[in-house]
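A quick write-up on the structure given underneath.
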Amino acid sequence: MTTKTSRIPGLHKLSPQERLQKVAEAAGLGDGVLSHLGNTGNLEAATADSMIENVIGTLNIPLGIATNMVIDGEEVLIPMATEESSVVAAVCNAARQCRSTGGFTTAMSGSLMIAQVQLVGVSNPEFARLQILEHKADIQAICDETDPVLVKHGGGFRDIEVRILEGRTGPMVVTHLVVDTRDAMGANAVNSMAEAVAPRIAEWTGGRTYLRILSNLADRRLARARATWSLEDIGGAEVRDGILAAFDFADIDPYRAATHNKGVMNGVSAVVLATGNDTRAVEAGAHAYAARSGQYGSLTQWEIDADGNLTGSIEMPLAVGLIGGATRSHPTARIALDILGVETADRLAGIIAAVGLAQNFAALKALATTGIQKGHMALHAKNIAVMVGAVGDEIDKVAQELVAKGKVRMDVAEDILKSLRG
Ligand code: NAD
């Protein structure tokens, strides 16, 4: 009998197929599992292997298309990658209900990212702050020399700001490099700049630099979207008032706001993932921004316009790109960008904000009226059917009967499947 171990020396040097073999031995996987993981679908094993470490396979997530979106006067088809049922349908429904009022209008605050350089060990932090600020032109030159390609595309260094923070270990002087990263998300771009500038900051001030990395609180890169839903389209004043009450609840209660914003991120993260962008970066930025007042609140705002209609708006950091990361290396991400027809990262961010708003509208409307489970049930029933072993035609048959019975549960699904199979 072999003892299971997580020590597999040299795993990283092997090909994905060889690694899979090793892992299969270590984990005792059967032949079926081996051939399942060996099939990497439309992401070639070699491409996956160039993206992350120790690749043994790929994980497929459904890619759906949200219809009905009109954004800044343009019809846009939205590719969404998500494993959660109802997310795509919610956007389609919300977007359909605001077509009569012109759909969504978006704007971007800019494509500025912030990189932070942490300096410690200076006894006179105010003095050090000015020393750093005096070197703005040197810092600009170092940053721009680090990424001439970015500069060629109209980006590069824009500004510095220097903050003094009181830490438990003493004061720290934190320099922010503000960099326009244009059509790139810009993490690697600004991290390289921070690393290039840090030794000079240490030299100028006599202190010691530690961290040199971007901030995911990308509050110089805010995407905004707004839309109006007429009373007629949403089903009357009662629905509107229910949505307003739901928003009010989220804005005063972090327990509710977390779930409210999770709904927003259902839409946002699905487009971020479909386009090969960094879901964690966007999520970290969104939640940090939602807590900027000191109390975690809603990423969206809901109001009544002069005609009594419902208006919604969203404002959130959206550091996404059309270049860099997996946006170019993942073939499906490239196709998703083609479907969207976007030519700038700003446009992509605006679209994603609109999707977040649409998702929030759909969730609040469902919550304020029929409840969230009704819409979820049809697809959830299919998941339950698959979970109890239904295959092919059986999936729909079991799911339909579960919904008809009003009992979408595994035990009921098992009984239905048993009787189907005689
Ligand atoms: P990147 O370095 O791969 O590509 C960006 C580069 O492309 C630019 O620096 C520029 O030289 C070049 N470029 C060419 N045409 C351009 C154009 N039109 N506009 C802008 N730049 C252009 O990628 P990146 O965007 O710097 O970094 C993104 C990656 O970094 C993601 O994979 C992300 O997951 C990862 N990352 C994230 C974090 C974080 O969020 N905390 C930290 C480290 C790395």
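We count ligands from 1, going down the list as the structure has it; atoms in each ligand are counted the same way.
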Applying side chain to side chain contact (heavy atoms under 4.5 Å, CB included) to Asp253 and not counting sequence neighbours gives Phe249, Tyr255, Arg256
Below 4.0 angstrom, N of the basic side chain to O of the carboxylate: do Asp233 and Arg99 qualify?
no
Those residues at least two apart in sequence (or on a different chain) that pass side chain to side chain contact (heavy atoms under 4.5 Å, CB included) with Ala270 are Met80, Thr82
Output for ligand 1, non-hydrogen cut-off under 4.0 Å, lists Asp147, Val149, Leu150, His153, Thr181, Arg182, Asp183, Ala184, Met185, Gly186, Ala187, Asn188, Ala189, Asn191, Leu214, Asn216, Asp278, Ala281, Ile323, Gly324, Gly325
Does Glu44, at its CD atom, have more than 12 non-hydrogen atoms belonging to other residues, nucleotides or ligands within less than 6.0 Å? no
Taking Asp49 first and then Arg19, would you say they form a salt bridge - that is, a charged N and a carboxylate O separated by under 4.0 Å? yes
Taken in chain and number order and not counting sequence neighbours, the residues that satisfy side chain to side chain contact (heavy atoms under 4.5 Å, CB included) with Glu203 are Arg200
